[in-house]
Amino acid sequence: MREALNLAKKGLGFVSPNPCVGAVLVKDDQIIGQGYHAQAGDDHAEVIAINEAGSLAKDAYLFVTLEPCNHHGKTPPCAELIVKSGIKKVFISCKDNNPLVSGRGIEYLKSNNVEVDLGILENEAIALNQGFFHRMKEKKPYIKIKIASSLDGNTSLKTGESKWITSEHSRDDVQKLRAHSCAILSGVGTVNSDNPKLNVRGRNHDKQPKRFILDSHLSIKSNLEILQQENVFIVYGDDPNNNLSKLKNIKAKLIQMPQKNNRIDLSYVISYFNKFGINNLLVEAGPTLSGAMIESGFFNDLIIYIAPVLLGSEANNLIKLTQIKTMKQRINFSYKDIRSIGSDIRITLESI
């Protein structure tokens, strides 16, 4: 099962809206087939492992990280193939909380005389697909807000300059966060100021996470590098300055969404992400959008990379929170993880 989990991890950032799944087929203490789900629409892990084993699958043992499906989606039901292949017993890490599956795959296997053992390395399997499980239950993605900060709680100088507050080690660590995300969310102020690509280094352009830029009044600069990339979406509310005509030759797609209090309605955006099948969302934005996400409760983890530097009292604050007027309104967190990343410290928090 450990090997199956390691295989499943290869799908992180690629399989949305599906979960990551790995499978290993064993017979006479030998691995005879293995596979992982690599991309939505492609064969599931169990199918790849069974096809690799061929006729040897009869009377074999299947180790799979998630309950096999028993419904027709883009691919046929895995549970049916398992039964047809003559597999003797299936070891499953955890149930699938997708209402289309939840328990039905296990019931189908048992009703067709296939033994089932549930719960091996269950916590690790659930952690691997925390975004998928969260979206199935809460109807919204698992959201991580990432911020780079100085010791005195600032994210950029008064001029907006922010390159680089944290070390190269921290920036490499952020690449891992991006690689494991289905989508990245940023704001127009950040992209206009920093001209970031928000991509995963070394990955093909068509395999990049989806990048969403919130731009309430369509003030984005037309010459930004990110606008010539695939999988980039500009979410805007209105176009008071008639900038649509300047954006005709970009690769990025434009999506108009309703506004609330003169800004893009975050509730609508999060609902859209659920329908879009985004399991894991990484927010890399300035203090205004990050603050709005926190005040609206649209986050699960707050990740802060703190560098051993001071930027001074005139620099721009970590997060802009507008609703806190009294100490009773303060937002409390608990520490999930604290560790050194190069010369910096990475703190992961969750609200309490």
Side-chain angles (χ1 to χ4, degrees), residues 143-178 181 184-201 211-216 219-221 223-226 263 266 281-296 298-327 329-352:
I143 302 172
K144 297 180 180 180
I145 299 175
K146 164 258 163 184
I147 299 171
S149 169
S150 64
L151 277 175
D152 49 350
N154 294 310
T155 57
S156 65
L157 296 176
K158 186 179 181 179
T159 60
E161 184 181 354
S162 62
K163 295 183 178 180
W164 295 104
I165 295 175
T166 53
S167 66
E168 187 175 348
H169 291 93
S170 289
R171 297 197 294 277
D172 287 342
D173 196 63
V174 171
Q175 289 292 310
K176 297 175 186 176
L177 288 178
R178 290 179 181 176
S181 300
I184 298 169
L185 176 67
S186 193
V188 67
T190 296
V191 295
N192 275 346
S193 176
D194 298 342
N195 193 17
K197 293 180 181 178
L198 296 175
N199 62 348
V200 178
R201 289 197 297 264
R211 271 74 42 85
F212 291 87
I213 302 165
L214 295 193
D215 185 4
S216 297
S219 60
I220 196 165
K221 296 176 181 177
N223 61 345
L224 298 177
E225 288 186 65
I226 196 171
R263 292 187 181 277
L266 289 179
L281 176 69
L282 178 64
V283 179
E284 292 194 61
T288 300
L289 179 53
S290 295
M293 294 287 288
I294 290 172
E295 287 185 323
S296 300
F298 295 135
F299 78 103
N300 298 95
D301 292 345
L302 175 60
I303 303 171
I304 306 176
Y305 293 84
I306 301 177
V309 300
L310 298 171
L311 295 184
S313 58
E314 292 189 357
N316 294 312
N317 290 340
L318 185 76
I319 301 170
K320 186 176 181 181
L321 300 171
T322 61
Q323 298 175 14
I324 299 176
K325 307 299 181 184
T326 67
M327 286 297 288
Q329 295 174 309
R330 68 191 180 202
I331 301 171
N332 297 310
F333 295 87
S334 63
Y335 293 107
K336 287 183 69 174
D337 183 76
I338 303 174
R339 67 183 63 201
S340 297
I341 304 290
S343 59
D344 306 324
I345 295 174
R346 188 189 73 193
I347 300 176
T348 305
L349 309 111
E350 62 182 349
S351 63
I352 56 175

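The first residue of the sequence shown is numbered 1, and numbering continues consecutively from there.
Taking 4.0 Å as the cut-off between side-chain N and carboxylate O, Asp172 and Arg201 count as a salt-bridged pair.
Between Ser181 atom OG and Leu281 atom CG the span is 7.5 Å, to the nearest 0.5 Å. We find the CD1-CG distance between Ile347 and Asp301 to be 13.5 Å, quoted to the nearest 0.5 Å. To the nearest 0.5 angstrom, Glu284 atom CD is 9.5 Å from Ser290 atom OG. Rounding to the nearest 0.5 Å places CD1 of Ile213 at 8.0 Å from CG of Asp215. Once rounded to the nearest 0.5 Å, the distance linking CD1 of Ile304 with CG of Leu349 reads 5.5 Å. Taking CD1 from Ile306 and OG from Ser343, the interatomic distance works out to 12.5 Å, rounded to the nearest 0.5 Å.
Applying the 6.0 Å contact sphere to NZ of Lys336 captures more than 12 heavy atoms from other residues, nucleotides or ligands.
Of the possible donor and acceptor atoms, none in the side chain of Thr190 sits under 3.5 Å from a partner among the backbone N and O of Ser186. Between the side chain of Ser193 and the backbone N or O of Gly189, no donor-acceptor pair lies under 3.5 Å. A side-chain donor-acceptor contact under 3.5 Å links Glu295 to the backbone of Thr322.
The nearest pair of heavy atoms linking Asn199 to Arg211 is CB-NH1, 3.7 Å. When all heavy atoms are compared, the tightest approach of Lys197 to Ile226 is O-CD1, 3.5 Å. Nearest heavy atoms, Leu224 versus Lys221: CG-O, 3.4 Å. Counting all heavy atoms, side chain and backbone alike, Ile303 lies closest to Lys144 at CD1-CD, 4.0 Å. Tyr335 approaches Ile338 most closely through the heavy-atom pair CD2-CD1, 3.8 Å. In terms of heavy-atom proximity, Ile165 sits nearest to Ala148 at CD1-O, 4.2 Å.
Using a 4.5 Å cut-off on side-chain heavy atoms (C-beta onward), Arg178 and Leu282 make contact.
With Val188 as the fixed residue, the side-chain contact (heavy atoms from CB on, under 4.5 Å) test singles out one of Leu289, Ile220, Leu214: Ile220.
Within the structure, side chain to side chain donor-acceptor pair (under 3.5 Å) pairs that include any residue of residues 304-315 comprise Asp173-Tyr305 (at least two apart or interchain).
Thr288 pairs by the side chain to side chain contact (heavy atoms under 4.5 Å, CB included) definition with Arg263, Lys320, not counting sequence neighbours. Evaluation of the side chain to side chain contact (heavy atoms under 4.5 Å, CB included) rule for Ser334 yields Glu350, Ile352 as partners, not counting sequence neighbours. Looking at residues two or more places apart in sequence or on another chain, you find a side chain to side chain contact (heavy atoms under 4.5 Å, CB included) between Arg171 and Trp164, Thr166, Glu168. The side chain to side chain contact (heavy atoms under 4.5 Å, CB included) check on Asp337 picks up Arg339, Arg346, Thr348, with sequence neighbours excluded.
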Would Phe333 and Leu302 satisfy side chain to side chain contact (heavy atoms under 4.5 Å, CB included), going step by step from the backbone distance to the final call? CA-CA 9 Å; Phe333 295 87; Leu302 175 60; 3.9 Å; yes
Ignoring hydrogens and angles, write down the donor-acceptor pairs under 3.5 Å from the side chains of residues 150-157, residues two or more places apart or on other chains.
{"from": "Ser150", "atom 1": "OG", "to": "Asp152", "atom 2": "OD1", "distance (Å)": "2.4"}
{"from": "Ser150", "atom 1": "OG", "to": "Asn154", "atom 2": "N", "distance (Å)": "3.1"}
{"from": "Ser150", "atom 1": "OG", "to": "Asn154", "atom 2": "O", "distance (Å)": "3.4"}
{"from": "Asp152", "atom 1": "OD1", "to": "Leu311", "atom 2": "N", "distance (Å)": "3.2"}
{"from": "Asp152", "atom 1": "OD2", "to": "Asn154", "atom 2": "ND2", "distance (Å)": "3.3"}
{"from": "Asp152", "atom 1": "OD2", "to": "Leu311", "atom 2": "N", "distance (Å)": "3.2"}
{"from": "Asp152", "atom 1": "OD2", "to": "Gly312", "atom 2": "N", "distance (Å)": "2.9"}
{"from": "Asn154", "atom 1": "ND2", "to": "Gly312", "atom 2": "O", "distance (Å)": "3.1"}
{"from": "Thr155", "atom 1": "OG1", "to": "Asn317", "atom 2": "O", "distance (Å)": "3.4"}
{"from": "Ser156", "atom 1": "OG", "to": "Asn316", "atom 2": "ND2", "distance (Å)": "2.8"}

